[in-house]
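Structure, as structure tokens:
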Amino acid sequence: MEKFLRIIDGASVWTGKLGSFLVVVLVVAIGYDITVRYLFAIPNQWAYDSTYMLYGSYTMLGAAYCHREKGHVRMDLLYGKLSQRGKAITDVICYLLLFFPLFSVLLYKCGENAYWSLLHGERSSASVWRPYMAPFKISIVFGIFLFYLQGIAEFIRALTTAIKGERHDT
């Protein structure tokens with residue numbers, strides 16, 4: 001079980017850190033667009049599509065890493081006052097009632113959409129550049145899949161803590 005959890009953690013960390021380099025590409029693309037548009041009055045055909053695709057991919061590829069590092073917003077009003085076991089029980093309940101149902105549907109529907117996009121050669125209609133949407137949509141599905149796997153790992157850790165009463169860290 002430990003090896004399984006380490007593999008999921010490793011995939012989340014690796015993808016999150018690798019995906020973080022998309023910010024550099026995003027900054028360069030936005031900087032180039034602003035420069036040519038305002039200094040040289042040259043319109044850019046690819047900037048809008050590339051920036052939302054880069055930002056969306058960056059966000060989704062980093063979501064599992066953020067979840068692993070406990071970086072997502074949590075309402076600590078009551079949760080912060082609970083014992084380790086109480087927090088683990090709360091986490092188990094939330095994973096079962098909220099996380100898994102939501103992300104199962106999200107993974108299915110986004111996967112279905114990405115598959116359709118790939119089969120039909122869907123193109124963006126947001127600009128005249130009209131890039132293919134499949135690579136972007138596949139990166140979103142991959143990010144959701146990694147987030148789902150990281151959720152499974154965190155659920156197992158919370159369940160272990162809830163049952164044994166001792167903290168399970170990696």
Side-chain angles (χ1 to χ4, degrees), residues 4-38 44-77 79-80 87 90-91 94-158 170:
F4 174 70
L5 297 177
R6 278 195 306 273
I7 289 170
I8 292 173
D9 286 343
S12 296
V13 169
W14 183 81
T15 306
K17 289 184 177 184
L18 192 63
S20 70
F21 288 105
L22 290 175
V23 170
V24 175
V25 179
L26 181 62
V27 168
V28 169
I30 291 172
Y32 174 80
D33 179 46
I34 290 170
T35 302
V36 298
R37 192 167 10 119
Y38 291 111
N44 198 326
Q45 296 180 1
W46 54 265
Y48 178 74
D49 284 318
S50 63
T51 55
Y52 81 74
M53 287 181 183
L54 284 168
Y55 184 70
S57 297
Y58 158 74
T59 302
M60 291 312 299
L61 292 174
Y65 175 70
C66 186
H67 190 59
R68 180 190 179 279
E69 298 298 319
K70 307 211 181 335
H72 290 113
V73 175
R74 181 186 298 258
M75 183 62 176
D76 282 341
L77 187 62
Y79 186 83
K87 288 178 182 178
T90 303
D91 286 344
C94 288
Y95 274 109
L96 291 174
L97 295 179
L98 301 171
F99 185 88
F100 291 129
L102 171 69
F103 276 88
S104 295
V105 170
L106 195 59
L107 187 60
Y108 175 75
K109 294 308 282 180
C110 288
E112 192 177 64
N113 191 282
Y115 181 68
W116 185 91
S117 180
L118 186 63
L119 283 181
H120 297 283
E122 179 188 15
R123 291 176 163 269
S124 172
S125 60
S127 72
V128 294
W129 181 38
R130 297 186 42 82
Y132 286 103
M133 295 297 292
F136 169 60
K137 290 184 177 187
I138 290 169
S139 74
I140 298 296
V141 172
F142 183 66
I144 293 169
F145 177 70
L146 283 176
F147 199 167
Y148 195 85
L149 284 179
Q150 191 63 46
I152 291 171
E154 297 302 323
F155 172 75
I156 291 169
R157 290 185 180 108
T170 55

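Small disclaimer: the values here were computed from a predicted structure and weren't measured. Both backbone and side-chain heavy atoms feed into the values below; hydrogens, waters and symmetry mates do not.
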List the residues meeting side chain to side chain donor-acceptor pair (under 3.5 Å) with [X], not counting sequence neighbours, and say none if there are none.
X    : value
Y115 : none
W14  : none
Y79  : R74, D91
H72  : none

May I have all residue pairs that pass salt bridge (charged side-chain N to carboxylate O under 4.0 Å, His left out) and include part of [range], sequence neighbours excluded?
range            : value
residues 13-30   : none
residues 139-149 : none
residues 97-115  : K109-E112

Checking [X] now: which residues fulfil salt bridge (Lys or Arg N to Asp or Glu O under 4.0 Å) with it, not counting sequence neighbours?
X    : value
E69  : none
R130 : none
D49  : none

How far does [atom1] of [X] sit from [atom2] of [Y], to the nearest 0.5 angstrom?
X    : Y    : atom1 : atom2 : result
S124 : W46  : OG    : CH2   : 14.5 Å
L118 : Y132 : CG    : OH    : 11.0 Å
I8   : I156 : CD1   : CD1   : 6.5 Å
N44  : I34  : CG    : CD1   : 11.0 Å

Looking only at non-hydrogen atoms, find the nearest pair between L22 and Y58 and report the distance. CD1-N, 3.8 Å
In short, Y48 meets A126 closest at the heavy-atom pair CE2-CB, 3.5 Å
Looking at side-chain heavy atoms only, is the closest gap between S50 and W129 below 4.5 Å? yes
Looking at the rings of F100 and F155, which for Trp means the six-membered one, are their centres under 6.0 Å apart? yes
Name all pairs fulfilling the side chain to side chain donor-acceptor pair (under 3.5 Å) condition that reach into residues 26-36, sequence neighbours left out, sorted by first residue then second. D33-R37
F103 CZ: over 12 foreign heavy atoms closer than 6.0 Å: yes
Using a cut-off of 6.0 Å, state whether more than 12 heavy atoms not belonging to F99 lie near its atom CZ. yes
Would you give me the side-chain donor-acceptor pairs under 3.5 Å for residues 136-150, sequence neighbours excluded?
residue	atom	partner	partner atom	Å
K137	NZ	N113	OD1	2.7
K137	NZ	E122	OE1	2.7
K137	NZ	E122	OE2	3.3
S139	OG	S57	OG	2.8
S139	OG	F136	O	2.7
Y148	OH	S104	OG	3.0
Q150	OE1	S12	OG	2.6
Q150	NE2	D9	OD1	2.9
Q150	NE2	E154	OE2	3.0

